[in-house]
Structure formats: C-alpha cells, structure tokens
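Here is the structure we will look at, set down as structure tokens.
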Amino acid sequence: MTVETPICDFVRAYAAARPHRLHMPGHKGTGDLGCESWDVTEVKGADSLYEAEGIIAQSERNAAALFGSGRTLYSTEGSSQCIRAMLALALTCRGSGRSSTVVAARNVHRSFVYACGLLDAQPLWLTEEDGRSLCSCRVSPAALEETLRGLPQPPAAVYVTSPDYLGVQQDIAALAAVCRRCDTLLLVDNAHGAYLHFLEPPCHPMDLGADLCCDSAHKTLPVLTGGAYLHLSASLPRRFFDQAKPAMSMFGSTSPSYLTLTSLDLCNRTLSGDYRSRLKETIGRLDALRSRLAGEGWAVGDSDPLKLTLRCSERGWSGVEAAERLRREGIECEFADKDDLVCMFTPSNPPEDAERLEEALSDLSIRPACPGPALPRLRPESVCSIREALLAPQETVPPEQSLGRVCGAPTVSCPPAIPIAVSGERITAETVEWMRYYGLREVRVLA
C-alpha cells in the first residue's frame, strides 16, 4: 500500500518553484545547511498545524489509519507537548463524578511535572517497593486496582510510562482493564515505543487498550528531532476529539517546523512500505546479539525489542565507564549510569553497528562485580502544590545543603529527565542519597 505524502509534495513543489519569499523565515530559502528551501511557514496551501483542514489534516489522517487510532495529531515539539495536551484533555474533558486527581507511576518525565504546574494538578504517586533505578516503576494491576478502589472518586486518569528509559514495559492490557473497571482513563507515555504497532502481533499501547498515548516518533522512527504523535482512542467521547487540537495549541509554538512536519509525513510512506519486515529483521539480529552477550557473561536486561540494556556493574564496570570506553571506539550509546548501559537500535542501523558494538564489548574484561549501593525507597512528602513551588522564589544549593528544604524545580539529570524530587516535595536524606548516585551537583529549592 502506497500512502500519499501531501505535506512533502507541497513543500517540494514550493521549493522547486523558487518564489520570491517575502515572508518568514529570514533565511529566504537559502543558506549553508542545504535544507533551507524546504523550511517554509504557513503560506497559502501549506495549511496550519492547529487549525488543520488541508494537507496537514490529510497527513494526520494517514497516520491515524496506519496506527489504527481514533485520531492522531502531529507535534513538532516532541512528546513533551503531547504529554501536556494529554493531561489537559484528561482534566478538562473528564466525565461527571471523576475527581481532578491523576494517579501516576513515579518515573514520569519532567514534562509531566511541568504540565501539572501549568494545569494546577497534583498527582497521586505510585512507587515501586524494590525499585533499583530512577528510570523504572513497575505497576502491578492488583496494586493499581487497590489504589483506585481506595479513592473516594474515580480519578481523572491513570498515567504510566511504557517502555521506560531502560526498556521496561508495563502490562498495558491488564492496566487498561483495571482502569475500565474503575471508570477512569489510561494515559501512556510511549515516547520510546512508536514502532510497537508494527510488530507481529501489534503491542502499541493503543492496541492494548490505552485511551490516550504519546509517541516520540523521532526516537525510534525515521523522523527529525521533535516529531511526535498524540493518539486518541476511537472509544473516547466526542468532546476529547473536539478539544484535542485546542489542547495541543495551548502548549505549542505558533511557528511549527515544516521540516519536522515533512519528516512525519514522509514517515507515513515508510511505515506503509517494507518497514514491518525491516523491523522484524532488525529485532532478530538484536535478539541474537543479546543471546551471544548473555553467553559471554553480560547481564542483559529485559527490555523492549529495540533496546539493549546491559547491567554493566555485574561485570565489574560502571555503565558510565563502559560508555566512555565505547565512545573511544566511535560508538555513542543512548544512556549510562553507575549500573546500566542502554543502546537503542532501529532499522536505520546497518548490521555493522551491532557487530562493532559486540566487538567493542568483548574488549571489556570481566572484573569483580561492583554493583552500586542499595538505594533507599523514596517516600514523597508534599509540602505545597507543584504549581506553588514552581512559581515561588527559588535558589540553587548543593544537594548536601538541600536536606529538609522544599524542592523548587524538579531535580533531574538529562537523560533520563526523570525527577528525583518533584516541585513542592520536602527533600529527605533518602532523596539526597539518590541525588549523589545520579551525580547531581545542584538543586533548586524554595528560597
């Protein structure tokens, strides 16, 4: 099946016509980058992202058909924009009898925290009893149902991240079933899993029962940085569809990148072609690599199909050390901390990339295991709302001087941009220990 590419066709034709550009942007279609002729603005025929009724609307309909969603909207500002819009939709379109509470797994991206501040929402956190990493927070269906049944009203939504930065996936189908029984919505930050719909069988959150979901297309699909999707389930009430574009526009620039939009448009053609077979081939190679590495003594984490997560500390290396050794060999990984190393693959990686990685890893000799300290469980204590903290006067201090203070801006290392302390929470000794582990050197606290 060949999918039309209306945005790309328009931009290509406009560039080829070489018009006298008496409009933005200032480069006027020329420059040293080489892509300036394709970088246009909302000229006649180019449509408008937040009032789309022409070529952008057509391209978004193509994406919705490919993903099997009720509606798919484009973002040129990553999943961060989609996360804010998802939360706004859950709160403003919530059904009668639902509270404004959002029950959220703790390993949220900081954009979720900022969205809570902008919308004056206060989450009810789900934490993991034996969590060893900031990146993961497994939510069991039983624990979720117990939490929801204990609330006086159904919450506006449940919010989880899956896959997370280490590739850990939640049981979305089971969590969605719990949410339906408890009369609430399931929102999924699927930033790392846009490709999951194209597996056999499909296992994208929208395939498994999520109500709203965001994908960072640029993370795993051939899309320019910033390209993302907001998916709406066909089962949602009509008001969600009516408010979806206004919600996106509330958090987005009025000057979206047409280069990014064009790449999202072209991705539809890629996904409708031989992408599934290329994806299957890539995953097969990566599965074989995992097996070989496990046979050589590497602790290979359970991750989504396109990530390779290695528990380097069990081989005597910190993830940071391993990443630096690989960097010297010309290999740049996605993420590393004191324990783990994460590599991300896509069908755009040639087979030689996996071969080179395996060769470089074989040079890392086995040393005595050096696991990091057993980190204490974080027990969030909210002193004031996220919004109050974000808008209050703040100062920057070292972690050691933050003990007992109230967190101002979310304390994160990026990547993974997951807060250790959330705005409005008191910083405890346990919090400081996690900050030291992730190498944070300063913290924003209320003045």
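Bear in mind the structure is a predicted one, so any value in this text is a computation, not a measurement. Numbers here are sequence positions counted from 1.
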query = Distance under 6.0 Å and angle within 45° of the ring axis: does Arg325 meet both against Trp317?
reply = no
query = Side chain of Arg426, backbone of Glu381: donor and acceptor closer than 3.5 Å?
reply = no
request  = Identify the heavy atoms of Ile386 and Gln122 that sit nearest to each other, and give their distance.
outcome  = N-OE1, 3.1 Å
ask   = Mind checking whether Phe112 and Tyr159 have parallel, tilted or perpendicular rings, split at 30° and 60°?
value = tilted
inquiry  = Show the nearest heavy-atom pair for residues Glu60 and Ala52, with the distance to one decimal.
reply    = OE1-CB, 4.4 Å
Min side-chain heavy-atom separation Pro163-Asn190 under 4.5 Å = yes
request  = Verify, without hydrogens or angle tests, whether Thr41 (side chain) and Val43 (backbone) share a donor-acceptor contact under 3.5 angstrom.
outcome  = no
ask   = Looking just at side-chain N and O atoms, do Asp164 and His192 make a donor-acceptor pair shorter than 3.5 Å?
value = no
Test log, rule ring-ring contact (aromatic ring centres under 6.0 Å, His included), inputs Phe251 and Tyr114 = CA-CA 11 Å; Phe251 302 107; Tyr114 287 130; over 10 Å; no
note = Taken to the nearest 0.5 Å, the spacing of Ser37 OG from Lys28 NZ works out to 14.5 Å
query = With a 3.5 Å cut-off and no angle check, do the side chains of Arg444 and Thr396 form a donor-acceptor pair?
reply = yes
query = Between Arg356 and Glu332, is there a salt bridge with N-O shorter than 4.0 Å?
reply = no
message = Could you go through Asn268 and Ser59, starting from their C-alpha distance and side-chain angles, then the distance that decides it, and tell me whether this counts as side-chain contact (heavy atoms from CB on, under 4.5 Å)?
response = CA-CA 8 Å; Asn268 289 338; Ser59 185; 3.5 Å; yes
key: Thr30 side-chain N/O to His27 backbone N/O, donor-acceptor pair under 3.5 Å   = yes
key: Leu264 side, atom CG; Ser75 side, atom OG - distance, nearest 0.5 Å   = 8.0 Å
inquiry  = Under the criterion side-chain contact (heavy atoms from CB on, under 4.5 Å), I'd like the reasoning laid out for Arg238 against Gln243: C-alpha separation, chi angles, the key distance, then a yes or no.
reply    = CA-CA 9 Å; Arg238 184 68 222 174; Gln243 291 300 314; over 6 Å; no
inquiry  = Using only atom types and a distance under 3.5 Å, with no angle test, would you say the side chain of Ser257 pairs donor to acceptor with the backbone of Thr260?
reply    = yes
request  = Using the salt bridge (charged side-chain N to carboxylate O under 4.0 Å, His left out) rule, take Glu324 and Arg327 through it: C-alpha gap first, then chi angles, then the decisive distance, then the call.
outcome  = CA-CA 5 Å; Glu324 183 55 39; Arg327 191 172 291 118; 2.7 Å; yes
inquiry  = By the salt bridge (charged side-chain N to carboxylate O under 4.0 Å, His left out) test, which pairs, at least two apart or in different chains, include something from residues 299-317?
reply    = Asp304-Lys307, Arg311-Asp339, Arg311-Asp340
key: Presence of salt bridge, Glu425 and Arg379, under 4.0 angstrom   = no
Shortest non-hydrogen contact from Leu175 toward Leu144 = CD2-CD2, 3.8 Å
key: For Leu341 against Ala323, the heavy-atom pair lying closest together   = CD1-CB, 3.7 Å
message = Tell me every residue that passes salt bridge (Lys or Arg N to Asp or Glu O under 4.0 Å) with Glu42, counting only those two or more places apart in sequence or in another chain.
response = none
task = Could you tell me whether Phe67 and Phe198 have their ring centroids closer than 6.0 angstrom?
result = yes
task = Of all the heavy-atom pairs spanning Arg106 and Ile420, show the shortest one and how long it is.
result = NH2-O, 3.2 Å
ask   = Should Cys116 and Leu87 count as side-chain neighbours, where that means a heavy-atom distance under 4.5 Å?
value = yes
key: Side chain to side chain, Tyr165 and Glu334, heavy atoms closer than 4.5 Å   = yes
query = According to the side chain to side chain donor-acceptor pair (under 3.5 Å) rule, which pairs have a member within residues 223-233, sequence neighbours left out?
reply = Thr72-His231, Asp215-His231, Ser233-Ser235
ask   = With a 4.5 Å limit on heavy-atom distance, are the side chains of Tyr437 and Asp337 in contact?
value = yes
ask   = If we ignore angles and hydrogens, is there a donor and acceptor under 3.5 Å between the side chains of Glu359 and Ser362?
value = no
inquiry  = Whether the side chain of Ser162 engages the backbone of Gln170 through a donor-acceptor N/O pair (distance < 3.5 Å, no angle test) should be reported.
reply    = yes
ask   = If every non-hydrogen atom of Leu185 is compared with every non-hydrogen atom of Leu236, which pair is closest and at what distance?
value = CD2-CD2, 4.0 Å
query = Between Ser79 and Ser216, is any side-chain donor less than 3.5 angstrom from a side-chain acceptor?
reply = yes
query = Taking NZ, NE, NH1 and NH2 as the nitrogens, is one of them in Glu321 or Arg367 under 4.0 Å from a carboxylate oxygen of the other?
reply = yes
Donor-acceptor pair, side chain of Asp265 and main chain of Ile7, under 3.5 angstrom = yes
query = Which distance, rounded to the nearest 0.5 Å, do you find between the CG of Leu446 and the CD of Glu388?
reply = 9.5 Å
request  = Kindly indicate whether the side chain of Leu271, heavy atoms from C-beta on, has any atom under 4.5 Å from the side chain of Cys267.
outcome  = yes
inquiry  = Just so I know, are the side chains of Ile283 and Phe345 near enough to count as touching, which here means a heavy-atom distance under 4.5 Å?
reply    = no
query = Can you find a heavy atom in the side chain of Asp207 that is under 4.5 Å from one in the side chain of Cys203?
reply = no
inquiry  = So, applying side-chain contact (heavy atoms from CB on, under 4.5 Å) with Pro305, which one of Thr282, Leu199, Leu279 is it?
reply    = Leu199
message = Side chains of Ser136 and Asn107: any donor to acceptor distance under 3.5 Å?
response = no
request  = Show your working on salt bridge (charged side-chain N to carboxylate O under 4.0 Å, His left out) between Lys245 and Glu51 and close with a plain yes or no.
outcome  = CA-CA 7 Å; Lys245 278 289 185 181; Glu51 299 80 29; over 6 Å; no
task = Determine whether Leu148 and Val158 make a side-chain contact, defined as any pair of heavy atoms from C-beta on separated by less than 4.5 Å.
result = yes
message = Tell me whether Arg377 is salt-bridged to Glu430, with the criterion being a basic N under 4.0 Å from an acidic carboxylate O.
response = no
query = Quick one: CE on Met86 to SG on Cys213, what's the gap to the nearest 0.5 Å?
reply = 6.5 Å
task = Verify, without hydrogens or angle tests, whether Thr411 (side chain) and Ala421 (backbone) share a donor-acceptor contact under 3.5 angstrom.
result = yes
inquiry  = Tell me whether Tyr258 contacts the main-chain N or O of Ala46 through its side chain, where contact means a donor paired with an acceptor under 3.5 Å.
reply    = yes
